[in-house]
Amino acid sequence: MIIKPEVFEDQFVPRQLPHRDGKVEQLSRALNPALRGERPLDVLLTGPSGVGKTVLARHTIGRLQEQTAVHRTYIRCLGLEARGILRTALRKHPGGPKAVAEDATTEALRNELRDCVDGPYILVLDEADGLPDTAALDHLDRIPEISTVIICHDVEDWQARLGNSTTRFRSDDTVRLERYTVDELADILEIRVREGLSGTVPRKRLEHISDTVAGVARDGIQTLKAAVERAQEQGRSELTDDDVEDGYERARTRIRTSNLYSLPFHHHLLYAIIHSAGEIKAGALHDRYEAAEDRYRGRDLMPLTPRARRSKLSKLKRYGLIDWTGDSRHRVYRVQDEAIAPQISIESVSA
DNA sequence: TATCCACCGGAATTTATGGAAG
DNA sequence: CTTCCATAAATTCCGGTGGATA
């Protein structure tokens with residue numbers, strides 16, 4: 001029985017981070033100058049998705065704030081450009097203005113930010129892979145009190161991106177997180193069980209979950225939650241292996257559904273055609289797409305030529321939404337998970 | 001078994017968009 | 001305001017692929 005749903009939410013920051021002691025310590029060391037009122041070091045925090053990069057940053061900075069008054073702001077970079085970063089950094093700073101003008105230029109924002117920071121200010125740039133360029137960093141570079149914790153997936157990609165940019169945010173320190181082992185992740189799940197559920201779950205079952213999700217903590221926690229929900233629906237208090245397998249499917253479906261919904265119309269149309277066909281050969285897919293081009297009426301997008309469609313199909317595959325077998329003109333497309341319903345209906349082209 | 005050809009995907013090129021500079 | 005520049009997305013071009021066809 002779930003008694004504290006928040007324990008299973010992505011934003012939940014646990015009081016303890018098992019098996020991350022060394023990483024917490026490393027990050028703390030970099031940030032500790034703040035205890036003396038000095039500027040913390042810049043840190044690059046990397047690792048695959050779902051292994052606790054954001055949680056590590058929140059947890060460690062949270063502890064720092066218990067010891068000293070230091071300002072910090074979390075910014076999810078996805079979809080933001082330099083202006084958006086500066087605006088958020090300014091708006092969330094305690095000494096910042098109540099409202100920031102909509103049309104303020106990047107320079108104006110930067111100057112205003114520089115004038116209001118009065119001590120160490122830590123910016124956590126989450127999902128920094130999503131930044132279009134280094135412009136944001138180049139601006140922040142000119143405000144001496146600001147330091148950064150940059151969270152991204154791949155160090156090499158990130159450094160290549162910095163390229164010839166002269167920013168000082170080349171990171172004094174890099175904290176790398178890896179996937180958890182089965183045992184480690186089971187420990188983490190045990191804590192969630194203790195804090196969020198009314199009953200207990202046998203260790204073996206938690207290890208089964210950990211193994212199923214291959215050490216990705218976020219998936220493990222979501223799978224645990226979905227498995228418990230399933231058992232609850234069926235009036236059982238104990239988890240079975242089937243609950244775990246089904247919970248994993250549900251968790252994956254949720255993630256993929258949100259993946260699909262985040263994509264533009266092109267992808268939705270292609271996905272809807274494949275979903276309604278079940279299996280569809282390349283030629284037929286392109287024919288139906290062309291037959292459905294009237295769907296673009298009233299949108300500010302234009303139908304794509306075949307080459308661009310292929311790019312969208314590749315993306316759908318990367319997102320775990322479709323799959324295919326065969327090659328060249330004999331390729332057959334299909335959806336990976338029937339349970340993920342398309343957002344648009346394509347009755348008119350399903351014939 | 002040689003050729004055909006519809007589709008694939010890398011690479012170069014064009015187009016659209018938005019910010020910065022003058 | 002215009003011009004310039006950078007970037008991303010889409011198109012154009014084209015060699016590669018492999019089951020179908022004769």
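Letters A, B, ... mirror the listed sequences (proteins, then strands); counts begin at 1.
Judged by distance alone, with hydrogens and angles left aside, Arg331(A) brings no side-chain donor or acceptor close enough to the base of dG18(C) to form a pair under 3.5 Å. A donor-acceptor contact under 3.5 Å links the side chain of Arg329(A) to the base of dC5(B).
Here the side chain of Arg39(A) pairs a donor or acceptor atom with the backbone of Ile146(A) at under 3.5 angstrom.
Within 4.0 Å (heavy atoms only), Lys281(A) reaches no atom of the nucleic acid at all. Backbone-only contact: Pro303(A) has heavy atoms under 4.0 Å from sugar-phosphate atoms and none from a base.
A salt bridge links Arg203(A) with Asp183(A): at least one charged nitrogen is closer than 4.0 Å to a carboxylate oxygen.
Taking 4.0 angstrom as the limit, Arg310(A) places a side-chain polar atom (N or O) nearer than this to OP1 or OP2 of dC8(B). A close approach under 4.0 Å does occur between a side-chain nitrogen or oxygen of His266(A) and OP1 or OP2 of dA10(C). Contact annotation: Thr305(A) reaches the phosphate of dT11(C) (side-chain N/O to OP1 or OP2, under 4.0 Å). In this structure, Tyr333(A) reaches the dC8(B) phosphate: one of its side-chain N or O atoms is under 4.0 Å from OP1 or OP2. Note on His286(A): a side-chain N or O is less than 4.0 Å away from OP1 or OP2 of dC8(B). A sub-4.0 Å separation between OP1 or OP2 of dA10(C) and a side-chain N or O of Lys312(A) is present.
Rounded to a whole Å, the CG atom of Leu301(A) is 13 Å from the P atom of dA16(B). Asp327(A) places its CG atom 14 Å from the P atom of dA20(C), with the value rounded to the nearest Å. Going from atom OH of Tyr289(A) over to atom P of dC8(B) covers 14 Å, rounded to whole Å. Summarising the geometry, the separation between CG on Leu304(A) and C1' on dT15(B) is reported as 14 Å, rounded to the nearest angstrom. Rounded to a whole Å, the CH2 atom of Trp324(A) is 15 Å from the P atom of dG18(C). Computed from coordinates, the Met302(A) CE to dA8(C) P distance equals 23 Å when rounded to whole Å. Rounded to an integer number of Å, the gap from Arg110(A) CZ to dA20(B) C1' is 12 Å. Glu293(A) places its CD atom 14 Å from the P atom of dA10(C), with the value rounded to the nearest Å.
Of the candidates dG9(B), dG18(C), dA10(C), the closest approach to any side-chain atom of Ser314(A) belongs to dG9(B).
In plain terms, the two heavy atoms of Tyr180(A) and Pro18(A) that are nearest each other are CE2-O, 4.2 Å.
Of the residues near DNA chain B, Arg307(A) and Asp287(A), the one whose nearest nucleotide (by heavy atom distance) lies more toward the 5' end is Asp287(A).
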Apply ring-ring contact (aromatic ring centres under 6.0 Å, His included) to residues His275(A) and Tyr271(A) and explain how you reach the verdict. CA-CA 6 Å; His275(A) 187 272; Tyr271(A) 182 80; 5.8 Å; yes
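Within the structure, the ring pair (Phe, Tyr, Trp, His ring centres under 6.0 Å) test picks out the following pairs touching residues 17-71 of chain A (sequence neighbours left out): His71(A)-His93(A).
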